[in-house]
Amino acid sequence: MDLRLLGWDEEWERAFAEAAEEGAYPARVALDYQHIYRLYTPKGEKLGRIEGRMRHVAATREGFPAVGDWVVARDAPVGDEAVIEAVLPRRSRFLRKAAGKAHVPQVVAANIDVLFIVVGLDHDFNPRRIERYLVTAYDSGARPVVVLNKADLWDEVDDFLEMAEEVAPGVPVLPVSARTGQGMEALRPYLAPGKTVAFVGSSGVGKSSLVNRLLGEERQKVAEVRASDSRGRHTTRHRELLVLPDGALLVDTPGMRSLQLWEASEALDEAFADIAALAADCRFKDCTHEAEPGCAVRAAIEEERLDPERFENYKRLKLEAKAKERGLRARDLETRRPRRRRPSRKR
């Protein structure tokens with residue numbers, strides 16, 4: 001298997017040389033199934049597992065290999081499987097808080113060049129949700145592109161296009177239809193050989209249908225959505241790296257019922273660059289944009305230059321990001337705190 005077709009280049013080669021020992025080879029993670037991985041390797045496809053030292057190093061979910069990762073692997077002592085010894089430094093990663101109360105990160109996909117944020121032009125369309133995904137996209141290091149799927153449901157999509165462009169300034173917004181093929185050619189410039197793209201979005205937006213359209217075959221299972229709210233079941237169960245006919249690499253991901261931010265404070269200013277620019281003109285540097293005199297943000301809202309709903313969502317996301325940072329600090333302190341030994345009982 002020619003790794004160059006999977007995005008391997010001289011920079012990855014240097015990173016591998018620094019991390020690998022004799023007998024090891026590079027591989028890319030194509031599928032993750034509960035820490036059992038399908039790998040693309042110079043020796044063909046192999047099942048990979050993490051053992052021993054690697055399992056100890058991957059103490060958090062962020063440390064475990066993710067789909068799209070380049071890893072250091074070697075043949076297992078027995079059988080045709082591979083043992084994963086290390087994960088090469090990621091160039092980008094789409095990260096979210098894992099489900100549950102614990103402050104634990106989950107890497108959805110790694111080493112992504114372009115992140116397609118898929119939104120359905122039905123009951124799923126929600127500008128606030130687009131803003132949330134954009135924050136995570138900017139935090140990932142990948143280039144975001146908004147894809148408005150199901151454009152065939154409407155004679156005109158100009159209103160949807162305008163609303164999406166308002167909440168995603170400077171980001172390409174592409175109306176398409178996976179069902180009819182309408183607008184799909186607009187995705188082609190992002191699908192260069194050796195480049196990796198990923199589809200993310202809620203369940204029922206049509207990610208699997210888009211994947212099938214790009215593959216030219218019905219590979220990914222597709223399910224109907226409820227007519228009442230356009231919600232659907234997770235037809236894609238696992239994240240998977242697929243090779244498209246034109247040589248691009250595509251990560252399909254399960255639909256997300258919720259997307260909780262993770263370490264996204266800096267990305268907020270990128271996703272809400274208009275609000276950040278306004279805040280720079282406030283009279284006070286620590287302006288909360290509530291009742292302070294000389295607040296440029298409040299003035300923009302009053303003059304209808306800034307959507308108040310967009311500003312309220314910005315505040316909600318900022319509070320969420322700060323809460324995550326507090327949780328991270330608390331977790332860090334807990335892990336550093338020495339454990340007290342229990343006194344031994346007298347016999």
Find the distance between [atom1] ([X]) and [atom2] ([Y]) and round it off to the nearest 0.5 Å.
X      : Y      : atom1 : atom2 : value
Met163 : Ile130 : CE    : CD1   : 8.5 Å
Tyr37  : Ile84  : OH    : CD1   : 6.0 Å
Phe116 : Arg143 : CZ    : CZ    : 9.0 Å
Arg305 : Asp274 : CZ    : CG    : 11.0 Å
Leu88  : Glu13  : CG    : CD    : 10.0 Å
Leu191 : Thr196 : CG    : OG1   : 11.0 Å

So that I can tick it off, tell me whether [Y] and [X] are bridged by a salt bridge, with the cut-off set at under 4.0 angstrom between side-chain N and carboxylate O.
X      : Y      : answer
Arg91  : Asp9   : yes
Glu85  : Arg74  : yes
Glu312 : Arg128 : no
Asp252 : Lys207 : no
Arg132 : Glu320 : yes

Any side-chain heavy-atom pair of [X] and [Y] under 4.5 Å:
X      : Y      : result
Lys315 : Glu290 : yes
Leu39  : Val29  : yes
Leu306 : Tyr314 : no
Arg129 : Ser202 : yes
Val119 : Phe160 : no
Asp113 : Tyr190 : no
Leu317 : Phe272 : yes
Phe94  : Ile112 : no

Over all atoms of both residues, closest heavy-atom pair of [X] and [Y]:
X      : Y      : answer
Tyr40  : Leu241 : OH-O, 3.4 Å
Asp246 : Pro193 : O-CG, 3.4 Å
Leu268 : Lys318 : CD1-CA, 3.6 Å
Phe199 : Leu250 : CE1-CD1, 3.7 Å
Pro245 : Leu214 : CD-O, 3.5 Å
Pro144 : Val171 : O-CG1, 3.4 Å

Quick check: is [Y] connected to [X] through a chain of hydrophobic side chains (ILVMFWY, heavy atoms under 4.5 Å apart)?
X      : Y      : value
Leu215 : Val205 : yes
Leu47  : Val83  : no
Trp154 : Leu161 : yes
Met1   : Val72  : yes
Val197 : Leu31  : no

Practice task
Please step through side chain to side chain contact (heavy atoms under 4.5 Å, CB included) for the pair Leu115 and Val145, ending with a clear verdict.
Solution key: CA-CA 6 Å; Leu115 196 66; Val145 175; over 6 Å; no

Practice task
Evaluate side chain to side chain contact (heavy atoms under 4.5 Å, CB included) for Val146 paired with Tyr133, printing each intermediate quantity in order.
Solution key: CA-CA 10 Å; Val146 178; Tyr133 271 94; over 6 Å; no

Practice task
Fit a plane to each ring of Trp12 and Trp8, take the angle between them on a 0 to 90° scale, and name the class: parallel (under 30°), tilted (30 to 60°) or perpendicular (over 60°).
Solution key: parallel

Can you establish whether the number of heavy atoms outside [X] located under 6.0 Å from its atom [atom1] is more than 12?
X      : atom1 : value
Glu292 : CD    : yes
Glu304 : CD    : no
Glu10  : CD    : no
Lys46  : NZ    : yes

Problem - Whether Asn111 side chain and Gly68 backbone form a donor-acceptor pair below 3.5 Å - result: yes

Practice task
Take Tyr33 and Arg38 through the side chain to side chain contact (heavy atoms under 4.5 Å, CB included) test and state the conclusion after the steps.
Solution key: CA-CA 8 Å; Tyr33 181 74; Arg38 189 170 78 223; over 6 Å; no

Practice task
Could you check Lys150 against Arg179 for side chain to side chain contact (heavy atoms under 4.5 Å, CB included), going step by step and ending with a plain yes or no?
Solution key: CA-CA 7 Å; Lys150 307 183 184 182; Arg179 188 178 70 85; over 6 Å; no

Handout entry: Under 3.5 Å side-chain donor-acceptor pair for Asp75 and Tyr25
Key = yes

